[in-house]
There are 2 protein chains.
Amino acid sequence: MIKKISIGDIATALNISKSTISFIINGKGKEKRISSALTEKVLQYIDENGYKPSRLAQSLSTGKTMIIGLMIEKISDYFFAQMAYHIEEIAYQNGYKIFYCSTDNDPDKTRELIQLFRDRNVDGYIITPPAGMEKEIQSLLDEGSPVVLFDRYYPDIESSYVILDNFKASYNASKYLADNAFAHIAFITLDSNQSQMEDRKQGYAKAMAEHGLEVIIEKIPYGNDPAQTVKQLVRFLRQNKRVDAVYFATNYLAFSGVKAINQLGYKIPGTMAIIAFDDHQVFDFYEPTITAVAQPISELAGQSIRVLLSLLNKPLEERAVQKVIVPAHFIIRDSTARLL
Amino acid sequence: MIKKISIGDIATALNISKSTISFIINGKGKEKRISSALTEKVLQYIDENGYKPSRLAQSLSTGKTMIIGLMIEKISDYFFAQMAYHIEEIAYQNGYKIFYCSTDNDPDKTRELIQLFRDRNVDGYIITPPAGMEKEIQSLLDEGSPVVLFDRYYPDIESSYVILDNFKASYNASKYLADNAFAHIAFITLDSNQSQMEDRKQGYAKAMAEHGLEVIIEKIPYGNDPAQTVKQLVRFLRQNKRVDAVYFATNYLAFSGVKAINQLGYKIPGTMAIIAFDDHQVFDFYEPTITAVAQPISELAGQSIRVLLSLLNKPLEERAVQKVIVPAHFIIRDSTARLL
DNA sequence: TAATTAAACAAAACCAGTTTAGCAAAATGA
DNA sequence: TCATTTTGCTAAACTGGTTTTGTTTAATTA
């Protein structure tokens, strides 16, 4: 168990002061008029004895931890796991480490987690906020903490965010079905008032209105277990026999939807066309392949962390709110084919 | 921007010393013979003014950061994302935060990441090590850092680990196919010498030997892109027409395998039975549903973090190496049915 | 040549805690 | 009654850095 060497040890060994060493390490040698001879000597000593400054001590004195708090709905979810992967990569390239946590979309848990991150002095936050966290987010902003909301946002709060253009993406997907002569298009969504869900619904509604089609919406309780959802959807489809296309607001709703449709013995495509919002690796491998609105995850993640880094690199007064809206990709696959 | 109050501020305000406050906060009041009157007064002040000790300062002086370093192959992978979710939960319950990172199974990257975590003074590690990291892991152990290896381990190193009983699970799955009269069972695996992959191969080989069946193994290069894998598998199946069952060593190999099998126009089940190692939510939703060897992720994760916590809670000399081997669940679904 | 400036570094304060050693007053004991 | 112990707390050292202020000596400048 070799104990690590500290800046004080070097100071003693070379018989110079800690400050001198600190200046040299931080590249302030010339500025502070340290002779190149001494600079050389110190750097060599460091090199030979493998010194690394303690991040803890640095953090304590500078107030910066070089830690980013990543609060997402659920790390085990495909979409967020992908997010985490991309964010991690860029954060590490920039010398940041990441604390992650899953909010489970629970306001109380989220409140606690924000407090925990705050206690740990994270330098900045990337958050997919549950509904109703306005006060907490605002208080982070008031403290001067860089915050980037992700996936959803609060219209009433002046914070940076990175989101998908849910409205347009949803409109386009719905319009596609309508343009292809599907006449009874159902929208299966979550019973949630989060901004992204609301936008998806609005996009669907607009497309229906433009085509003079009926709005058929079925809401699934948030956090339902899949089996329950399947049951509810079977019931729904039985009661709405005229429905010839189903548009699911999330990919896991589509999973349950497909099960329900299969249970009813309907054919995809043929009896029923389907589209899922939020692509999944499986949609491309399932038979039939499933048409989806794809979120460009790597771009969303990249934008989020880049916006946060740009905030972190600027002094408080220069930080401008950045609102990024990323367009979705519409991937047409077999599940929306029009059979002759 | 309200600046936080420090222990020094309280000391000044109450005109007592910092040490007294520190003792009280840490429950050493009686031990240090602080009067209950003063204790009460301090606690009340803290309560009223919302004081929280700085974790940074605590970490600096105690040497404990209450941070766990979680190094997994890839956070975006379903299995590891689930792991991360469960580990997070238990860690947070115990006051720990988590740094995560993805090794991508790259030894150089992993070496760097270990160094980064070490520099950050994480208290303990949970690691799914790439092949050839023996030296680095050993050096962590030599330093006295609690380490739990996960998913795979090094036979030559005396470290704690939590792994699946890959050999037995693989043996059982292979035996199931043989018992059900499949006669030419191929094993599709990765070109990797990691312990878990080796164990899976051995399990398969033993079952084949016991049934006097031919060993047919196809290795896919690690990190292949799925399209490449599909091509390779199509070629393999064309050249091995006698194969009537395929057993995939990972779930994503099975994804590519199903695509390949579909491309060839084979029926599952019927022409071909398949089993995948490592269950996936999709296997239960695909038509046909796919038989799989399921890793009890929540148990694996729970054991890992619990073993680590038990190490963290003990002084160095009391820490015993803990080797946990968890049995798998074999989930029989439609893809291995024997059609009449 | 004396005053000023620059060079090169050191000392000390600071971040916010923990912990060891110590000290005065009160209580106990012989 | 005086020495010893206990009580109740404080001072100071320590964790390992950063940053502001000081100090000495040498080189310029007037």
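Any value given below was found using the heavy atoms of this structure, including those in side chains, with hydrogens, waters and symmetry copies removed. To find a chain, count down the sequence lines: A is the first, B the second, and so on, and within it residues start at 1.
- Spacing between atom NZ of B:Lys4 and atom P of C:dC14 amounts to 21 Å, rounded to whole angstrom units.
- To the nearest angstrom, P of C:dA6 lies 17 Å from CD1 of A:Ile34.
- Residue A:Asn121 is out of contact with every strand shown, counting any heavy-atom pair closer than 4.0 Å.
- Straight-line distance from the CD atom of B:Glu40 to the P atom of D:dG8: 16 Å, rounded to whole Å.
- Residues A:Pro130 and A:Asp106 are not in side-chain contact: their nearest non-hydrogen atoms beyond the backbone lie 4.5 Å or more apart.
- In this structure, A:Ser35 reaches the sugar-phosphate backbone alone: every heavy-atom distance under 4.0 Å involves primed, P, OP1 or OP2 atoms, never a base.
- In terms of phosphate contacts, B:Gln58 brings a side-chain nitrogen or oxygen within less than 4.0 Å of OP1 or OP2 of C:dT18.
- Ring pair A:Phe99/B:Phe99: centre-to-centre distance below 6.0 Å.
- B:Lys18 places its NZ atom 12 Å from the P atom of D:dA12, with the value rounded to the nearest Å.
- Relative ring orientation between A:Tyr92 and B:Phe117 is described as tilted, the plane-to-plane angle lying within the 30° to 60° band.
- Within the 4.0 Å cut-off from OP1 or OP2 of D:dT19, at least one side-chain nitrogen or oxygen of A:Lys28 is found.
- In plain terms, the two heavy atoms of B:Gln82 and B:Ile297 that are nearest each other are CB-CG2, 3.5 Å.
- Comparing atom distances between the A:Asn26 side chain and each of D:dT18, D:dC9, D:dG17 picks out D:dT18 as nearest.
- A:Lys30 comes within contact range of no nucleotide atom at all, as no heavy-atom separation falls under 4.0 Å.
- Annotation: cation-pi pair B:Lys323/B:Tyr161 absent, no NZ/CZ under 6.0 Å from the ring centroid and within 45° of its normal.
- With distances taken from any side-chain atom of B:Ser61 to the nucleotides D:dT20, D:dG17, C:dT18, the minimum falls on C:dT18.
- Of all nucleotides listed (D:dG16, D:dT20, C:dT19), D:dG16 comes nearest to the side chain of A:Ser54.
- For the pair B:Asn15 CG and D:dC9 P, the interatomic distance rounds to 13 Å; values are reported in whole Å.
- Residue-level contact check: A:Lys64 touches neither bases nor backbone, having no heavy atom under 4.0 Å from any strand.
- Distance, B:Ile24 CD1 to C:dT19 P: 15 Å, rounded to whole Å.
- Listed candidates were C:dT20, D:dG17, C:dA11. Nearest to the side chain of A:Ser17 is C:dA11.
- Between A:Leu60 atom CG and C:dA13 atom P there is a gap of 17 Å when expressed in whole angstrom units.
- If you check every strand for non-hydrogen atoms under 4.0 Å, B:Leu56 touches nothing.
- You'll find that the side chain of B:Thr20 is closest to D:dC9, out of C:dA16, D:dG17, D:dC9.
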### Task
Start with the C-alpha distance between B:Lys109 and A:Glu89, add both sets of side-chain angles, then the distance that settles salt bridge (Lys or Arg N to Asp or Glu O under 4.0 Å), and finish with yes or no.
CA-CA 11 Å; B:Lys109 186 177 177 191; A:Glu89 190 179 4; over 6 Å; no
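- Between B:Ser22 and C:dG17 there is no side-chain polar atom (N or O) within less than 4.0 angstrom of OP1 or OP2.
- Distance from the side chain of B:Ser6 is smallest for C:dA16 among the nucleotides D:dG17, D:dT20, C:dA16.
- Place A:Arg33 and A:Tyr51 on DNA chain D by their nearest nucleotides, and A:Tyr51 ends up nearer the 5' end.
- The NZ atom of B:Lys32 sits 7 Å away from the C1' atom of C:dT19 (whole-angstrom rounding).
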